[in-house]
Participant: 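After the structure tokens below, expect a handful of questions from me.
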Amino acid sequence: MYSRIAGTGRFLPEKVLTNKDLEKMVETSDEWIRERTGIQERHIASDGETTLDLCEKAARNAIEMAGIEPADIDMIIVGTTTPDLVFPNMGVLLQDRLGIHGCMAMGIEAACTGFIYALSIADKFIKTGNAKRALVVGAETLSRIIDWSDRTTCVLFGDGAGAVILEASEEPGVISTHLHADGKYKDLLYFPSGVSRGFADLKSGTDFVQMKGNEVFKVAVTTLGRIVEETLEANDMSADEIDWLIPHQANIRIIEGTARKLKMPMERVIVTIHEHGNTSAASVPMALDVAVREGRVQRGQTLLLEAFGGGFTWGSALIRF
Ligand code: UT7
């Protein structure tokens, strides 16, 4: 038994924040942001628009493409770092929004790797016969935890949600997934507050995403190079058998580095960072949905998905679409 992607979906908030807009907010330039990151604009949730709102729209989009009803879903898993509430978890909140009741529903926090972790977990439930049809979502409103006066982070991130319907199939599907984490890097990219430790005084200026960008960059490039190799080796495949690389969209230079490692031309890499920015757990499923809806990713093709984020966490999924 395998799991296969039956439908994809995405939702981006209406409000667009361009590099030019950011020039008015912090000491930066459109040129610096484009050259160093590849980002031109990002979408930002409006006041009162929450991660759950984005999740619901992306999920309904994927449900529609899969040609199923919400009631056909027997597992919901949402990867996010920016949930609406501490609990109930985002899977449960989304289940209620979709008007279905009783199926297992969970949230998973693995920063930018959240969707790959969620996909891998759902795949295992389906492979072992414990679920037949899973709704897997990656969604964020990172704009809520960014210091908008800090140019080293605020130019990078955006909001959005991406979703897939994963269903049981006799043919692959998800061929393999590979998950990793290393907590020794916990101080390079993190959010400093939490329920148990307590929230900092907002005025202290620490209650925001903290990142040592330069150091994260170096580890990301080498780690993503390794994970794509690990994925190919595990399946005895070479890079030229991959039709599309669908990477986490953190920095165009990191994406190009991974493509170079695979000797893949950029024509076979899905890039959305210019329009989406870094949307953390939402980035890979949104890039997948863009590629599917534009007709670039076709049924039967082989896709390599990968992500890297705070923790560090990182992972990949090899998929026959
Ligand atoms: O998604 C999870 C994983 N996250 C990532 O993978 C992010 C990884 N890191 C990166 O993408 C890059 O490190 C950044 C885009 C964050 C930064 O690019 P960089 O080429 O590593 O720049 P840098 O941090 O080395 O800074 C270079 C210069 C500095 O000035 P000095 O010290 O050389 O005078 C910064 O102060 O650029 C300056 N700078 C900026 N200038 C204009 C930093 N941010 C900005 C800015 N606008 N927004």
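Every number for a ligand or one of its atoms is a count from 1 in the order of the listing. Numbering starts at 1 and runs along the sequence shown.
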Participant: Would you indicate whether R299, at its atom CZ, is surrounded by more than 12 heavy atoms from other residues, nucleotides or ligands within a distance under 6.0 Å?
Facilitator: yes
Participant: If you measure every N or O of N251 against every N or O of ligand 1, does any of those distances drop under 3.5 Å?
Facilitator: yes
Participant: Just checking, is any N or O donor in the side chain of T82 or E140 under 3.5 Å from an acceptor N or O on the other one?
Facilitator: yes
Participant: Check ligand 1 against N278 and write out every atom of the ligand that is under 4.0 Å from a heavy-atom position of the residue.
Facilitator: 1 (O), 2 (C)
Participant: Is the contact between V155 and ligand 1 made by the side chain, the backbone, both, or neither, using heavy atoms and a 4.0 Å cut-off?
Facilitator: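 The answer is the side chain of V155.
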Participant: The criterion is side-chain hydrogen bond (donor to acceptor under 3.5 Å, both in side chains); which residues satisfy it with D74, sequence neighbours excluded?
Facilitator: none
Participant: Ignoring hydrogens and geometry beyond distance, is a side-chain donor-acceptor pair present between D123 and T177 at under 3.5 Å?
Facilitator: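 Side-chain D/A pair, D123 to T177: absent.
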Participant: Between the side chain of R42 and the main-chain N/O of V155, is any donor-acceptor distance below 3.5 Å?
Facilitator: yes
Participant: Ignoring hydrogens and angles, state whether a donor on the side chain of S176 or H178 is under 3.5 Å from an acceptor on the partner side chain.
Facilitator: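 Looking only at side-chain atoms, H178 and S176 do form a donor-acceptor pair, the distance falling under 3.5 Å.
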Participant: What do you think, any protein heavy atom under 4.0 angstrom from atom 29 (C) of ligand 1?
Facilitator: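 Under the 4.0 Å cut-off, atom 29 (C) of ligand 1 has no protein heavy-atom neighbours at all.
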Participant: State which residues pass ring-ring contact (aromatic ring centres under 6.0 Å, His included) with H180; sequence neighbours excluded, sorted by chain then number.
Facilitator: W314
Participant: Compute the shortest N/O to N/O distance between G213 and ligand 1 and return yes if it is under 3.5 Å, no if not.
Facilitator: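 Looking only at distances, the answer is yes, because the N/O contact criterion of under 3.5 Å is met.
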Participant: One residue to check: L189. Relative to ligand 1, which of side chain, backbone, both or neither has a non-hydrogen atom less than 4.0 Å away?
Facilitator: side chain
Participant: Any atoms of ligand 1 less than 4.0 Å from a non-hydrogen atom of R36? List them with their elements.
Facilitator: 19 (P), 20 (O), 22 (O), 27 (C)
Participant: Quick one: does N214 get an N or O within less than 3.5 Å of an N or O on ligand 1?
Facilitator: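 Looking only at distances, the answer is yes, because the N/O contact criterion of under 3.5 Å is met.
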Participant: Ignoring hydrogens, tell whether any protein atom lies closer than 4.0 Å to atom 19 (P) of ligand 1; use the non-hydrogen atoms only.
Facilitator: yes
Participant: Under 4.0 Å from ligand 1, counting heavy atoms only, is it the side chain of I33, its backbone, both or neither?
Facilitator: neither
Participant: Taking atom types as modelled and ignoring hydrogens, do the side chains of E41 and T18 form a donor-acceptor contact shorter than 3.5 angstrom?
Facilitator: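 Looking only at side-chain atoms, T18 and E41 do not form any donor-acceptor pair under 3.5 Å.
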Participant: When you compare ligand 1 with W32, is there at least one nitrogen or oxygen pair between them that comes in under 3.5 angstrom?
Facilitator: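 So ligand 1 has an N or O lying under 3.5 Å from an N or O of W32.
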Participant: Identify, by atom number and element, the atoms of ligand 1 in contact range of H248, meaning under 4.0 Å from any of its heavy atoms.
Facilitator: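 Every atom of ligand 1 under 4.0 Å from some heavy atom of H248: 1 (O), 2 (C).
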Participant: Scan the protein's non-hydrogen atoms and note whether one is under 4.0 Å from atom 37 (O) of ligand 1.
Facilitator: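 When distances to the protein are checked, atom 37 (O) of ligand 1 has a heavy atom within 4.0 Å.
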